[in-house]
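Just below is one structure, and these are the notes that go with it.
Numbered from 1 within each chain, the chains take letters A, B, ... in sequence-line order. Heavy atoms only: backbone and side chains are in, while hydrogens, waters and symmetry mates are out.
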Number of protein chains: 2
Amino acid sequence: MARLPGYLRALTALADAGIASVSSEELAGAAGVSSAMLRKDLSHLGSYGVRGVGYDVERLASEIAAALGLTQDWPVAIVGMGNLGRALAAYRGFAERGFRVIALLDRDPRVVGEEVSGRVVRPMADLTTLVRDEGLSVGVIATASDGAQDACDALVAAGIRSVLNFAPVLLSVPEDVAVRTVDLSTELQILAFHGQRNAVAEAVAP
Amino acid sequence: MARLPGYLRALTALADAGIASVSSEELAGAAGVSSAMLRKDLSHLGSYGVRGVGYDVERLASEIAAALGLTQDWPVAIVGMGNLGRALAAYRGFAERGFRVIALLDRDPRVVGEEVSGRVVRPMADLTTLVRDEGLSVGVIATASDGAQDACDALVAAGIRSVLNFAPVLLSVPEDVAVRTVDLSTELQILAFHGQRNAVAEAVAP
DNA sequence: GCAACTTTGTGCCTCCCTTCACAAAGTCGT
DNA sequence: ACGACTTTGTGAAGGGAGGCACAAAGTTGC
C-alpha cells in the first residue's frame with residue numbers, strides 16, 4: 001500500500017493540531033484521495049473506525065505505523081559521497097521520520113576517512129560488519145550512474161534487502177530485494193511533458 | 001506516459017555504446033518493461049519501427065525527446081536554500097539532462113545575497129521578472145514543510161505551472177498546474193513495509 | 001523473384017484498482 | 001428507551017492498463 005505513508009503524514013499533522021477524531025471524508029481530503037478509497041484501504045488493515053463517529057487519530061496512526069513496520073528501527077547507510085551523497089548526509093528529513101543514518105560509505109580510498117556532516121566516511125568493506133553488528137537494513141545509493149550497480153551488488157552481498165536508489169539507472173537485483181528509484185531528471189522530464197501539453201492546449205484554445 | 005523518460009534513458013545508453021538499431025525485446029529489457037508494453041507505448045507516438053528489423057536508436061530517441069518537449073528548454077529555479085536546497089543547487093544531474101538552473105531563491109532576507117554554488121541567492125520577489133524575462137517555467141520547492149505551500153503559491157502567482165516538490169506535504173494548486181512530489185521519507189517507509197513483509201515471510205517459512 | 005524468417009503493430013481478453021451506492025452499526029438528543 | 005442522524009464497511013459496477021497472440025509487413029538468402 002503506497003498510500004499508507006500519506007495517511008500517516010496527515011494523521012500526524014492532525015495529532016499535532018490536537019485533533020482526536022477524524023472522519024474518512026476529512027482525512028481523505030487531507031491525504032488527497034477519495035473517502036471511499038481511504039475507507040477501503042483502512043478496512044484492509046482491520047476495522048479501527050467507529051460508525052457514526054470516525055477514526056481515533058492516535059489509534060489509527062499507531063496501527064498504520066505498525067503495518068508499515070515503523071515500530072522497529074531501520075538503520076540506514078548512504079553509499080557514495082559525491083554532491084548528492086553529502087547532501088543526503090546533511091539532510092535532516094531522515095532522522096525526523098525515524099530513520100537513523102548510521103554510516104556513510106564510499107569506494108574511493110581518498111574519500112574514506114574524510115569527515116562529512118560529523119561522521120567519518122567508511123570503506124565499502126565495512127558493510128558486512130554494519131549489517132551483522134548494527135542491524136543495518138537499508139542502503140541508499142547516491143553514487144554516479146556508473147557506480148550504482150556495483151554499489152547495489154555490494155549492498156545485496158552484505159545482506160541488505162531494501163535499497164533506495166538515486167542514480168538514473170535500472171538496477172538488477174534478486175527478487176527478494178526491494179528497490180525504489182528516485183530520479184530527479186525523470187521527474188523534470190515528466191513535468192516538461194505536462195508543460196508542453198499545456199502549451200499546446202493553450203495554442204489551440206487561447 | 002511516465003515510462004518515456006525510462007525509454008529515453010535506455011536509448012541514450014545504447015547510442016553511447018554505438019548501437020544503431022534495437023528490437024522491442026532488447027529495449028524493453030533495458031528499460032525494465034515487457035516488450036508488448038513497449039511496442040504499445042511507442043505505437044501511441046507513431047510508427048517509427050521497421051518490421052523485421054526493429055527501431056532506429058537515434059531516430060526513436062529524438063522522437064521521444066520531442067514528445068516529452070525536450071526540444072525547447074525549461075529553465076528551473078530552486079526555492080529554499082536550506083540543506084536540501086543547497087544540495088540540489090550543487091547537484092549536476094539537472095544540467096546533465098538539459099535542465100538549466102537559472103536561479104536560487106529564498107524568502108529569508110538573511111540568506112538572500114549569499115553565494116551558493118557560484119550563484120547569488122535572490123529574493124522571492126524576483127520570480128515575476130524571472131518568468132517574464134528569462135522564461136522561467138519550472139519551480140523546485142526545497143523549503144521546510146511549513147513554507148512549502150507559501151513557496152508554491154508564489155511560484156503559481158508568478159505564472160509557473162510545473163512544480164517539483166521535495167517537501168512532505170500535499171500542495172494545493174489550480175488544476176492547470178502540474179505538481180510532482182518526491183518525498184524521501186515516504187520512499188523509506190515503503191521500503192520498511194517491504195522489509196517487514198520479508199521478515200514475516202521468513203519467520204513463517206524459514 | 002520467391003520463400004522463409006524476423007519483428008512490429010494491434011485487437012481482444014483479463015485482471016486489478018477505483019468509484020458508486022447502500023445496508024449495518026453506533027451515537028446523540030429527547 | 002427510542003428514533004433520527006451520522007459515518008463506516010463492503011458488495012457490485014465501471015474503467016483502464018497490461019499481457020497474449022496473431023496478422024501484417026519488411027528483410028534476407030538463394
B:Arg9 vs A:Asp183, salt bridge (charged side-chain N to carboxylate O under 4.0 Å, His left out): CA-CA, chis, key distance, verdict
CA-CA 11 Å; B:Arg9 199 163 69 189; A:Asp183 181 352; 2.7 Å; yes

The correct set of residues in residues 2-28 of chain A placing a heavy atom under 4.0 Å from DNA chain D is A:Ser23, A:Ser24

Hey, which of these two, A:Arg51 or A:Asp41, hits DNA chain C nearer its 5' end, going by closest nucleotide?
A:Asp41

Hey, could you give me the CE/CG distance between A:Met37 and A:Leu42, rounded to the nearest 0.5 Å?
11.0 Å

Calculate, to the nearest 0.5 Å, the distance between atoms CZ and CD belonging to B:Arg97 and A:Gln189 respectively.
6.0 Å

Okay, side chain of B:Glu26, backbone of B:Ser23: is any donor-acceptor separation there less than 3.5 Å?
yes

Decide if atom CD of B:Glu134 counts as having more than 12 heavy atoms of other residues, nucleotides or ligands within a radius under 6.0 Å.
yes

Does B:Trp74 use its side chain to pair, donor to acceptor, with the backbone of B:Leu136 at less than 3.5 Å?
no

Do B:Lys40 and D:dG18 share a donor-acceptor pair, side chain to base, under 3.5 Å?
no

What are the 5'-most and 3'-most nucleotides of DNA chain C lying under 4.0 Å from any heavy atom of chain A?
C:dT18 to C:dT27

Shortest non-hydrogen contact from A:Val57 to A:Ser21?
CG2-N, 3.8 Å

Whole-Å distance separating the CE atom of A:Met37 from the C1' atom of D:dG14:
16 Å

Considering heavy-atom distances to DNA chain C, does B:Tyr55 or A:Ala36 have its closest nucleotide positioned more toward the 5' end?
B:Tyr55

Side-chain donor-acceptor pair present, A:Asp41, A:Tyr7, cut-off under 3.5 Å:
yes

Which of the following nucleotides, D:dA21, D:dG9, D:dT27, is nearest to the side chain of B:Val53?
D:dT27

